[in-house]
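Taking it in order: structure first as structure tokens, then the write-up.
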Amino acid sequence: MAAKAVTKESDDPAQDNGNTFIHHAEPVWEHRETYGPPGFKGVFMSSYAALCAAFAAIGGMIFGYDQGVVSIVLVMPQFLSRFSQVSESSSSAGFDKGLLTAMIELGALIGALNQGWMADKISRKYSIIVAVIIFTVGSALQTGSISYAMLVVARLIGGIGIGMLSMVAPLYISEISPPEIRGVLLVLEELSIVTGIVIAYWITYGARYIAGEWAWRLPFLLQLIPGFVLGAGILFLPFSPRWLISKGRDAEGLKALGRLRRLPTTDSRVQHEWFDIRAEVAFHKETSALRHPELQDRSAMSRIELEIASWTDCFRRGCWRRTHVGVGLMFFQQFLGINALIYYSPTLFSTMGLSYSMTLIMSGVLNVTQLVGVTTSLWTMDRFGRRPLLLWGSFLMTVSHFIIAILVGKFSSDWPHHRAAGWVSVAFLLFYMLSFGSSWGPVPWAMPSEIFPSSLRAKGVALSTCSNWLNNFIIGLITPPLVQNTGFGAYTFFAIFCLLSLVWTFYFVPETRGRTLEAMDHIFKDINSEQEEARRKAIEHELIRNHDPTSN
């Protein structure tokens with residue numbers, strides 16, 4: 001359906017009688033004036049929104065830092081002397097190590113699910129503050145842990161905070177970003193995660209030379225710093241304009257939008273986006289009211305039942321395709337093997353014949369390689385799109401895993417006499433990390449926060465993030481025995497899932513590059529009747545007809 005764009009000459013969209021503002025499956029630059037060029041170049045035209053997104057992405061650094069710390073701490077003699085349950089001499093080392101690693105994912109699963117209602121209730125902004133407080137408590141307990149049980153509980157609490165941040169940060173970033181550069185700004189979440197991994201890894205690598213328990217307590221203590229910075233700084237960031245409008249605070253939403261775009265609220269582009277958001281919010285609120293007419297009396301019980309019903313709406317017509325894509329992206333991201341390699345890379349490198357010292361160094365190089373891959377997506381995400389990156393990433397990772405599986409299976413029984421094969425395996429492991437970092441690293445964190453309708457966005461992102469943490473938890477538990485008992489089988493296992501991810505992406509994942517958040521109904525073909533189409537147009541016309549340009 002074609003729609004005439006609002007031009008810059010008309011500062012009042014209400015004067016463009018009969019025009020609609022949404023119903024476009026094409027990128028915004030094909031049908032209306034943009035805030036700037038698409039992709040990385042456009043960041044400089046929307047510098048304030050980019051700065052807010054970068055600050056919110058500090059939450060990803062907290063998660064990444066924990067991953068980087070654990071990968072070395074688990075093989076640190078000072079740590080093993082305190083927590084002998086995870087040392088190789090313990091009969092239950094495989095399970096206890098997996099449980100300790102996976103507790104952060106279990107806590108994050110709880111935290112991400114909890115954020116689904118909290119981010120809607122108290123705002124994206126304030127829910128970040130709550131997450132930081134919980135994370136700080138968990139980190140302090142980790143630093144002071146004196147027993148295995150205390151450390152496990154501390155990681156569970158810290159994980160709740162991390163899970164909350166991992167859900168709400170991409171959500172906030174997507175809602176404040178101009179559509180032309182939304183992919184670039186959402187990459188900041190994954191870039192922050194991997195940066196945290198790299199920083200933590202090398203801090204912990206250096207700290208292992210400290211005599212005594214501060215060798216591992218200091219790295220745990222330092223993770224409090226980004227938490228404090230985020231908790232204090234978030235107070236100065238604007239509220240999400242889409243959250244404000246969803247709460248009926250349209251005027252505040254317009255002001256927040258103008259502040260983020262660094263433009264007057266009368267600018268046609270700001271007005272255009274404001275009308276888009278209001279129309280989409282009104283349409284989905286009306287749809288919810290028609291779907292749940294008995295829960296509209298605003299009583300306490302009705303509000304509770306409506307909250308529960310809105311979760312089930314994520315799996316009903318109008319949203320189930322998006323839930324499938326969001327949950328599926330996060331499922332495959334974990335079963336491609338990435339966190340297994342991050343958590344247990346020293347162990348995996350040892351299966352390739354490397355010495356203890358070299359395994360630690362190469363594990364650090366592995367993380368840097370992933371960082372290089374993620375950095376490339378700052379240019380490619382909005383240039384080539386999400387779907388091509390996923391398809392190529394799946395193909396390249398499948399090849400990498402299969403080659404490594406063949407080499408490990410053939411030569412692992414006698415690495416000293418096959419050093420060349422060992423280093424070829426290492427090379428393809430690095431190639432895998434580069435491929436993952438440029439594709440399946442950033443895209444699954446970006447797309448779920450783009451695809452859901454306004455009324456269900458927080459809950460949809462929560463379900464998608466829960467998928468990440470649940471599968472992360474499973475991977476954390478199964479990887480140690482998988483590596484110990486199967487050798488090359490671990491790489492074969494992940495190679496199969498890489499291949500499955502390619503097939504799944506080809507058939508089910510649409511392209512969202514350059515589309516507004518309000519255009520996703522057409523991307524997923526969720527408006528599939530003339531009645532729904534007509535009702536949406538009627539809502540737009542009503543907003544235009546009632547618009548008073550002097551009120552801005």
Side-chain angles (χ1 to χ4, degrees), residues 1-6 13 16 18-35 38 174-175 177-183 186 242 245-246 269 272-288 290-291 313-326 328-329 381-382 384-388 390 443 446-457 460-461 464 505-544:
M1 176 178 177
K4 180 182 176 182
V6 178
D16 293 276
N19 294 333
T20 55
F21 294 88
I22 45 181
H23 301 295
H24 287 282
E26 300 80 21
V28 291
W29 49 82
E30 293 185 11
H31 60 84
R32 76 183 197 193
E33 188 179 2
T34 63
Y35 290 110
S174 73
E175 291 191 341
S177 301
E180 302 89 349
I181 62 169
R182 191 176 60 244
L186 284 168
R242 287 174 168 85
I245 293 171
S246 73
R269 292 164 293 180
H272 196 147
E273 188 173 6
W274 185 51
F275 270 86
D276 278 0
I277 298 169
R278 292 168 64 204
E280 198 258 357
V281 167
F283 175 76
H284 283 286
K285 280 187 175 181
E286 185 173 295
T287 301
S288 177
L290 291 173
R291 183 173 288 170
D313 285 345
C314 292
F315 299 94
R316 299 177 65 176
R317 188 181 71 84
C319 198
W320 72 266
R321 292 185 182 91
R322 314 186 202 203
T323 303
H324 168 223
V325 170
L329 284 169
M381 182 79 86
D382 282 323
F384 301 112
R386 287 66 158 154
R387 181 178 159 87
L390 292 175
V443 175
M447 284 195 71
S449 59
E450 297 180 307
I451 60 180
F452 290 96
S454 60
S455 58
L456 299 175
R457 187 170 295 127
V461 175
S464 303
T505 299
F506 182 82
Y507 284 106
F508 295 110
V509 179
E511 182 56 68
T512 60
R513 180 180 74 104
R515 280 70 171 183
T516 66
L517 297 182
E518 290 68 43
M520 295 300 162
D521 284 350
H522 271 254
I523 297 296
F524 284 88
K525 299 178 174 58
D526 284 328
I527 295 183
N528 49 18
S529 71
E530 292 182 3
Q531 291 84 357
E532 287 182 337
E533 195 81 46
R535 183 55 199 149
R536 192 155 194 166
K537 286 184 64 176
I539 289 172
E540 293 172 0
H541 289 311
E542 184 177 354
L543 287 172
I544 294 171

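Just so we're clear, the structure is a prediction, and the values are computed from it rather than from any experiment. Residues take their numbers from the sequence shown, with the count starting at 1.
Here the side chain of Asp382 pairs a donor or acceptor atom with the backbone of Gly183 at under 3.5 angstrom. A donor-acceptor contact shorter than 3.5 Å is absent between the side chain of Arg182 and the backbone of Ala446. In terms of modelled atom types and a separation under 3.5 Å, the side chain of Ser464 and the main chain of Gly460 share a donor-acceptor contact. Between the side chain of Ser174 and the main chain of Ser449, a donor-acceptor pair closer than 3.5 Å is present. The closest donor-acceptor contact from the side chain of Tyr35 to the backbone of Glu180 lies at 3.5 Å or more, if one exists at all. The closest donor-acceptor contact from the side chain of Arg387 to the backbone of Thr505 lies under 3.5 Å. The backbone N or O of Ile245 lies less than 3.5 Å from no partner atom in the side chain of Arg278, so there is not a single donor-acceptor pair. Of the possible polar contacts, one joining the Glu280 side chain to the Ser454 backbone as a donor-acceptor pair under 3.5 Å is found.
The shortest distance between side-chain heavy atoms of Phe452 and Thr323 falls below 4.5 Å. Annotation: side chain of Asp521 is in contact with side chain of His284 (closest heavy-atom distance under 4.5 Å).
When all heavy atoms are compared, the tightest approach of Arg457 to Glu175 is NH1-OE2, 3.0 Å. The shortest non-hydrogen separation linking Ile451 to Gly326 is CD1-N, 4.0 Å.
A distance of 8.5 Å separates OG1 in Thr516 from NE2 in His272, rounded to the nearest 0.5 Å. The distance from atom CD of Glu511 to atom CG of Leu390, rounded to the nearest 0.5 Å, is 8.5 Å. Expressed to the nearest 0.5 Å, how far OG1 of Thr287 lies from CG of Leu456 amounts to 10.0 Å. For the atom pair His522 NE2 and Arg515 CZ, the distance stands at 13.0 Å (nearest 0.5 Å). Taking CD from Glu450 and CZ from Arg513, the interatomic distance works out to 12.0 Å, rounded to the nearest 0.5 Å.
A salt bridge does not link Asp276 to Arg242: none of the charged side-chain nitrogens sits closer than 4.0 Å to a carboxylate oxygen.
Between the side chains of Arg386 and Thr512, at least one donor N or O lies within less than 3.5 Å of an accepting N or O.
Applying side chain to side chain contact (heavy atoms under 4.5 Å, CB included) to Arg322 and the options Pro453, Cys314, Pro510, Pro448 leaves one that passes, Pro453.
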